[in-house]
*Asks:* 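Input: one structure, supplied below.
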Amino acid sequence: MNVVVRRFAGAARRLDPRPSESLPYSPSIRGNADVAPPAFQKSLPIAWPQEDCANEPAGFFACGEQNSLWALGARVALVLLLFVASPSSPAAVREVGAIGLTVGDLDRALEFYTKELPFEKVSESKTAPGAADELLGLSGTQLRIAELKLGDERITLTEHLTNKGRGIPSDSRSFDLWFQHVAIVVRDMDAAYGQLRRAKVKHVSTAPQTLPAWNKDASGIKAFYFRDPEDVVLEIIWFPPGKGDPRWQRPTTNLFLGIDHTAIVVSDTDKSLAFYRGLLGLNVAGESENHGVEQEHLNQVFGARLHITGLRAERGPGIEFLEYITPPGGRSLTADAKANDLVFWNTRLAVDDVAKLSANLHERGVAFVSRPGSAHSQIVRDPDGHALQLDEVSAAAAASAQR
């Protein structure tokens with residue numbers, strides 16, 4: 001569920017040593033949401049087969065002079081000093097790009113995504129045998145890949161023609177740590193749900209849910225979870241006026257508009273923030289705590305109480321943390337999980353210098369899926385095992401994309 005929150009009122013965001021991004025529609029509800037990130041700790045719940053661990057970093061402090069300034073009673077001076085004198089360090093990640101799904105049967109997946117859903121196929125390709133081995137940390141792979149678009153956003157569907165992996169566990173739950181979905185924005189929830197019912201999709205939610213008025217940061221938002229033919233979970237979401245990105249309110253006759261975010265279940269929000277914000281440079285866009293009967297029916301999790309945090313790069317869909325405060329017992333991804341399993345999602349991130357960022361991540365003990373020979377793209381795992389593909393883009397290409 002997307003987080004929609006009110007604007008900062010305090011000065012805490014200006015204490016962040018990283019320059020703020022302009023996020024006009026969903027800044028954080030918490031005055032301290034963007035204080036300096038904690039040190040990233042190597043506390044992965046599983047031992048990844050391709051993991052390459054190194055030393056842990058020392059703690060990070062936003063400003064060494066803070067105590068002396070506060071002793072002088074100069075709070076305003078401190079804020080101004082940090083705002084003017086903070087070092088300028090651009091975010092490692094420029095853009096959240098295509099969100100990748102692994103499928104068992106590409107033809108069946110294309111049938112669903114382009115006919116039951118209105119994604120448009122942009123391209124389809126087949127890799128040479130072994131060409132993706134270093135990137136995926138596998139051997140003898142051959143892939144068939146389709147890229148699809150909906151609005152301005154894209155997904156990829158990847159079928160392993162050789163060495164097929166395992167399917168999604170039949171008892172997979174919305175609070176297991178391998179859970180991930182994409183949130184597809186719709187113009188009219190009733191019409192979109194009716195279309196999905198006619199397609200006889202498998203429900204996760206009992207029906208579309210409207211978040212209640214007491215949840216002022218998300219009140220009125222409607223959402224529904226369902227499954228594709230291979231049990232991948234998807235979400236459709238509707239934003240009332242004043243909620244979400246203003247572009248979702250533009251007049252259109254299209255029923256399905258684009259992808260707002262991809263959501264991942266995390267075990268510890270602070271640990272994930274240390275990775276996504278502290279190491280990758282994404283910005284916190286907002287937070288909320290969701291619970292109640294509507295949330296239970298949405299996720300099909302009795303007693304669901306979630307701490308939700310939304311992050312964004314300069315461009316592209318958001319990445320949203322779903323931390324289940326209750327119930328406990330969400331299962332970790334197994335130690336033998338591989339890139340050919342159907343639980344393997346792959347969110348692509350555009351960065352300026354893959355080698356430099358990869359070296360930094362290696363030093364911080366981040367687990368890698370890719371082997372070192374994959375020079376211009378590397379796949380890493382976040383603290384809970386979600387896969388992220390770092391793709392190198394030139395500064396010229398990045399500047400062009402901003403125009």
Side-chain angles (χ1 to χ4, degrees), residues 1-2 95-127 143-161 168 179-205 208 222-239 244-245 247-264 315-320 342-350 387 389 391 401:
M1 172 62 65
N2 186 69
E95 179 177 8
V96 177
I99 300 162
L101 292 72
T102 306
V103 301
D105 184 331
L106 183 59
D107 290 328
R108 181 170 66 167
L110 285 171
E111 181 81 9
F112 178 79
Y113 282 91
T114 62
K115 293 188 177 178
E116 307 303 345
L117 293 173
F119 281 85
E120 174 188 349
K121 187 169 82 168
V122 176
S123 65
E124 183 177 331
S125 60
K126 185 184 295 185
T127 66
L143 310 176
R144 185 179 167 211
I145 305 168
E147 183 173 31
L148 312 179
K149 67 178 295 186
L150 179 62
D152 295 331
E153 292 74 44
R154 302 192 178 210
I155 64 172
T156 60
L157 306 175
T158 300
E159 178 185 0
H160 286 254
L161 300 177
I168 295 173
F179 179 91
Q180 183 168 354
H181 74 242
V182 291
I184 301 168
V185 183
V186 298
R187 172 178 50 81
D188 182 312
M189 177 58 73
D190 291 338
Y193 178 58
Q195 181 170 318
L196 294 175
R197 285 199 66 183
R198 290 189 292 275
K200 301 187 185 305
V201 299
K202 291 179 273 188
H203 285 48
V204 175
S205 307
K222 300 178 182 181
F224 171 69
Y225 285 12
F226 62 102
R227 297 182 186 272
D228 79 358
E230 295 185 330
D231 286 335
V232 171
V233 175
L234 306 168
E235 177 187 20
I236 53 173
I237 187 168
W238 176 82
F239 294 105
D245 190 327
R247 69 192 176 106
W248 304 133
Q249 305 297 332
R250 294 171 186 164
T252 179
T253 58
N254 295 333
L255 181 55
F256 297 84
L257 307 181
I259 295 173
D260 184 76
H261 64 271
T262 181
I264 57 175
R315 298 180 300 279
I319 295 177
E320 187 172 279
L342 298 193
V343 295
F344 184 82
W345 289 66
N346 183 14
T347 303
R348 304 184 72 160
L349 306 176
Q389 182 169 323
D391 293 327

*Asks:* Within this structure, what is the CG-CG distance for the pair Leu101 and Leu342, rounded to the nearest 0.5 Å?
*Replies:*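 Spacing of CG (Leu101) from CG (Leu342) equals 10.0 Å.
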*Asks:* Determine the minimum heavy-atom distance between Ala199 and Glu116, stating which atoms define it.
*Replies:*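 Heavy atoms only, the tightest pair is CB-OE1, 3.1 Å.
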*Asks:* With side chains defined as the heavy atoms from C-beta onward, is the minimum distance between Pro317 and Asp260 less than 4.5 Å?
*Replies:*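 Answer no - side chains too far apart.
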*Asks:* As an exercise, state the distance from NE2 of His261 to CG of Asp245, rounded to the nearest 0.5 Å.
*Replies:*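 If I round to the nearest 0.5 Å, the distance is 13.0 Å.
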*Asks:* Do Ile236 and Phe256 come within less than 4.5 Å of each other through their side chains, counting heavy atoms only?
*Replies:*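 With C-beta onward as the side chain, the pair touches.
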*Asks:* Looking only at non-hydrogen atoms, find the nearest pair between Phe112 and Pro229 and report the distance.
*Replies:*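 Here Phe112 and Pro229 meet closest at CG-CD, 3.5 Å.
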*Asks:* For residues 147-156, run the donor-acceptor check on the side chains, cut-off 3.5 Å, and write out each pair with its distance to 0.1 Å, sequence neighbours left out.
*Replies:*
unit_1 : atom_1 : unit_2 : atom_2 : d
Glu153 : OE1    : Ile259 : N      : 2.9
Glu153 : OE2    : Arg247 : NH1    : 3.4
Glu153 : OE2    : Arg247 : NH2    : 2.8

*Asks:* Output yes when a side-chain donor or acceptor of Thr262 lies under 3.5 Å from a complementary backbone atom of Ile319, and no otherwise.
*Replies:*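 Answer holds: no.
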*Asks:* Mind checking what makes side-chain hydrogen bond (donor to acceptor under 3.5 Å, both in side chains) contact with Arg144, not counting sequence neighbours?
*Replies:*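 Scan of Arg144 (side-chain hydrogen bond (donor to acceptor under 3.5 Å, both in side chains), adjacent residues dropped) gives Asp107, Glu124.
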*Asks:* Taking all heavy atoms of Ala109 and all of Val103, pick out the closest pair and write down the distance.
*Replies:*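 Here Ala109 and Val103 meet closest at CB-CG1, 4.0 Å.
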*Asks:* Which atom names give the shortest non-hydrogen contact between Val201 and Arg227, and what distance separates them?
*Replies:*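 Closest approach of Val201 to Arg227, heavy atoms only: CB-O, 4.1 Å.
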*Asks:* To the nearest 0.5 Å, how far apart are CG in Leu157 and CZ in Arg108?
*Replies:*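 Going from the CG atom of Leu157 to the CZ atom of Arg108 covers 12.0 Å.
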*Asks:* Restricting to non-hydrogen atoms, name the atom on Lys121 and the atom on Thr114 that form the minimum distance, rounded to 0.1 Å.
*Replies:*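 Closest approach of Lys121 to Thr114, heavy atoms only: N-CG2, 4.4 Å.
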*Asks:* Rounded to the nearest 0.5 Å, what separates atom CE in Met189 from atom CH2 in Trp238?
*Replies:*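 Answer for the CE-CH2 pair, Met189 versus Trp238, is 9.0 Å.
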*Asks:* For side chain to side chain contact (heavy atoms under 4.5 Å, CB included), just list the numbers for Arg187 and Leu255, CA-CA rounded to whole Å, side-chain angles, deciding distance to a tenth of an Å, and then say yes or no.
*Replies:* CA-CA 5 Å; Arg187 172 178 50 81; Leu255 181 55; 4.2 Å; yes
*Asks:* Which pair of heavy atoms, one from Tyr225 and one from Ser205, lies closest together, and at what distance?
*Replies:*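 Taking every non-hydrogen atom into account, N-OG, 2.8 Å.
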*Asks:* Determine which pairs satisfy side chain to side chain donor-acceptor pair (under 3.5 Å) with at least one residue from residues 188-198, sequence neighbours left out, and list them in order.
*Replies:*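 Output for this query lists Tyr193-His203.
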*Asks:* Any side-chain heavy-atom pair from Val186 and Leu257 closer than 4.5 angstrom?
*Replies:*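 No. Closest side-chain heavy atoms not under 4.5 Å.
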*Asks:* Look up atom CD in Gln389 and atom CG in Leu349, then write down how far apart they are to the nearest 0.5 Å.
*Replies:*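 The distance works out to 9.0 Å.
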*Asks:* Could you walk me through whether Ile237 and Ile184 pass the side chain to side chain contact (heavy atoms under 4.5 Å, CB included) check?
*Replies:* CA-CA 6 Å; Ile237 187 168; Ile184 301 168; over 6 Å; no
*Asks:* So Phe224 and Phe226, would you call those rings parallel, tilted or perpendicular, with 30° and 60° as cut-offs?
*Replies:*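 Phe224 vs Phe226 ring planes: parallel.
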*Asks:* Check whether any side-chain heavy atom of His160 sits under 4.5 Å from a side-chain heavy atom of Leu143, and report yes or no.
*Replies:*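 Counting from C-beta outward, His160 and Leu143 do come under 4.5 Å.
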*Asks:* Distance from Trp345 atom CH2 to Thr102 atom OG1, nearest 0.5 Å?
*Replies:*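 Here the rounded value is 9.5 Å.
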*Asks:* Knowing that exactly one of Leu234, Val233, Asp231 qualifies, which makes a side-chain contact (heavy atoms from CB on, under 4.5 Å) with Val204?
*Replies:*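 Per the side-chain contact (heavy atoms from CB on, under 4.5 Å) rule, the option paired with Val204 is Val233, out of Leu234, Val233, Asp231.
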*Asks:* Ignoring hydrogens and angles, state whether a donor on the side chain of Thr347 or Gln180 is under 3.5 Å from an acceptor on the partner side chain.
*Replies:*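 Result is yes, a qualifying pair exists.
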*Asks:* Using the side chain to side chain contact (heavy atoms under 4.5 Å, CB included) rule, take Arg315 and Val96 through it: C-alpha gap first, then chi angles, then the decisive distance, then the call.
*Replies:* CA-CA 6 Å; Arg315 298 180 300 279; Val96 177; over 6 Å; no
*Asks:* Answer yes or no: does atom NZ of Lys126 have more than 12 heavy-atom neighbours from other residues, nucleotides or ligands under 6.0 Å?
*Replies:*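 12 or below, so no.
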